[in-house]
There are 2 protein chains.
Amino acid sequence: MKADAAIDALGALAQEHRLALFRLLVQAGEGGLAAGVIAETLGVPNSSLSFHLAQLREAGLVLQERQHRSIIYRANYPAMNALVAYLLENCCAGAAACGPDAACETPAQERKSA
Amino acid sequence: MKADAAIDALGALAQEHRLALFRLLVQAGEGGLAAGVIAETLGVPNSSLSFHLAQLREAGLVLQERQHRSIIYRANYPAMNALVAYLLENCCAGAAACGPDAACETPAQERKSA
DNA sequence: ATCTCATTTTGATAAATCTGGAAATAAGAA
DNA sequence: TTCTTATTTCCAGATTTATCAAAATGAGAT
């Protein structure tokens, strides 16, 4: 992952409605949710929600697919994984000094290849 | 972690210089780096860097400590861990459907308690 | 073809953010 | 104290972002 992509993704998540929206999709799983359902769940006007969905989609964090009359959105898990990996890259220069709270313990290192 | 804190952290990271700065500190490890060293490394004017350091500090992502004439900044690893955990919370509603690229495999779940 | 529902685009306004020089502050050195 | 170095605060302007009603689009249903 390149810096620009990470900035886009982080910026997309750094907003009240979009963060709630993304977490909603993350928790919804592979089935995803229709735009209208999301708007109602979050209590956001359709036009605003559409704007935020577009931001997340342009950032690569969500995928969209038409299903009958609705458009289904779902979280792009690999993209989220790549973002986390980017943040933790080369954490602590590999030093053992990272400690248990350092976020760069073994699981995080594995995440790099995801 | 609450939504507001996560938004602050994500917003702090969603900027070219701050993302480079944070990653620099993450890779620098517990020793941290002086503000001046960071400014020179990133090629950013002092006043701008100070602004960005303050953003990251207010978001809780970096810690500062005076050392002689310099002020040393270092990454707040537990805060970063909490942010990642917040994003992955209740991923896929615990369904096995997450798959290998779902970012919510076992290591991610462990992250929640960090 | 027409009707209806679901979603997106438009457009205008309001609010927040980034930038960097100059001045101010903080703390050790001479 | 005075000098020097390190960092932050102030300021103004330029850029980006959020909001949402209204109009436009898209795709089944009748």
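Residue numbers start from 1 in every chain, and the chains themselves are labelled A, B, ... in the order their sequence lines are given, proteins ahead of strands.
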### Any pair counted as salt bridge (Lys or Arg N to Asp or Glu O under 4.0 Å), so long as it reaches residues 52-69 of chain B, sequence neighbours left out
none
### Query
Can you list every salt bridge (Lys or Arg N to Asp or Glu O under 4.0 Å) pair that touches residues 71-87 of chain B, not counting sequence neighbours?
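Qualifying pairs, neighbours excluded: B/Glu30-B/Arg74.
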Whole-Å distance between [N] [atom2] and [X] [atom1]?
| X | N | atom1 | atom2 | value |
| --- | --- | --- | --- | --- |
| A/Glu16 | C/dA16 | CD | P | 13 Å |
| B/Leu13 | C/dT17 | CG | P | 15 Å |
| B/Phe51 | C/dA16 | CZ | P | 13 Å |
| B/Arg18 | C/dC18 | CZ | P | 4 Å |
| B/Gln15 | C/dG20 | CD | P | 10 Å |

### Task
Could you name each residue pair satisfying side chain to side chain donor-acceptor pair (under 3.5 Å) that touches residues 10-21 of chain B, not counting sequence neighbours?
B/Arg18-B/His52
#### Entry: side chain to side chain donor-acceptor pair (under 3.5 Å) contacts in which one or both residues fall within residues 37-51 of chain A, not counting sequence neighbours
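Matches after skipping sequence neighbours: none remain.
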### Query
With side chains defined as the heavy atoms from C-beta onward, is the minimum distance between A/Val62 and A/Phe22 less than 4.5 Å?
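Answer yes - side chains close enough.
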### Task
Indicate yes or no: at least one non-hydrogen side-chain atom of B/Leu87 is less than 4.5 angstrom from one of A/Leu19.
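With C-beta onward as the side chain, the pair touches.
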#### Entry: First of A/Arg69 and A/Ala14 reached from the 5' end of DNA chain D, by closest nucleotide
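Between the two, 5'-proximity favours A/Ala14.
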#### Entry: Residue-phosphate contact under 4.0 Å: B/Ser48 side-chain N/O, C/dT19 OP1/OP2
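For C/dT19, OP1/OP2 do not have a side-chain N/O of B/Ser48 under 4.0 Å.
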### side-chain N/O B/Ser47 vs C/dG20 OP1/OP2, d < 4.0 Å
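No, because none of the side-chain N or O atoms of B/Ser47 sits under 4.0 Å from OP1 or OP2 of C/dG20.
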### Message
Looking at B/Tyr86 and B/Ala5, would you say the former's side chain and the latter's main chain have a donor-acceptor pair under 3.5 Å?
### Response
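Judged by distance alone, no pair lies under 3.5 Å.
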### Task
Measure across B/Gly31 and B/Ile72 and return the closest heavy-atom pair with its distance rounded to 0.1 Å.
O-CG2, 3.6 Å
### Task
Just call it for A/Ala39: base, sugar-phosphate, or nothing, with non-hydrogen atoms closer than 4.0 Å on any strand.
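Nothing, no heavy atom under 4.0 Å.
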### Query
Looking at C/dG20, C/dC18, C/dT8, which one has an atom nearest to any side-chain atom of B/Pro45?
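Ranking C/dG20, C/dC18, C/dT8 by closest atom to the B/Pro45 side chain puts C/dG20 first.
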## Note on the structure
Here the gap from B/Leu21 atom CG to B/Leu61 atom CG, rounded to the nearest 0.5 Å, amounts to 10.0 Å
### Task
Please list, by residue number, the residues of residues 52-67 of chain B whose heavy atoms come closer than 4.0 Å to an atom of DNA chain D; answer none if no residue qualifies.
B/Gln64
### Message
Going 5' to 3' along DNA chain D, between which two nucleotides do contacts with chain A fall, using a heavy-atom cut-off of 4.0 Å?
### Response
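Terminal contacting nucleotides, 5' to 3': D/dA18 to D/dA29.
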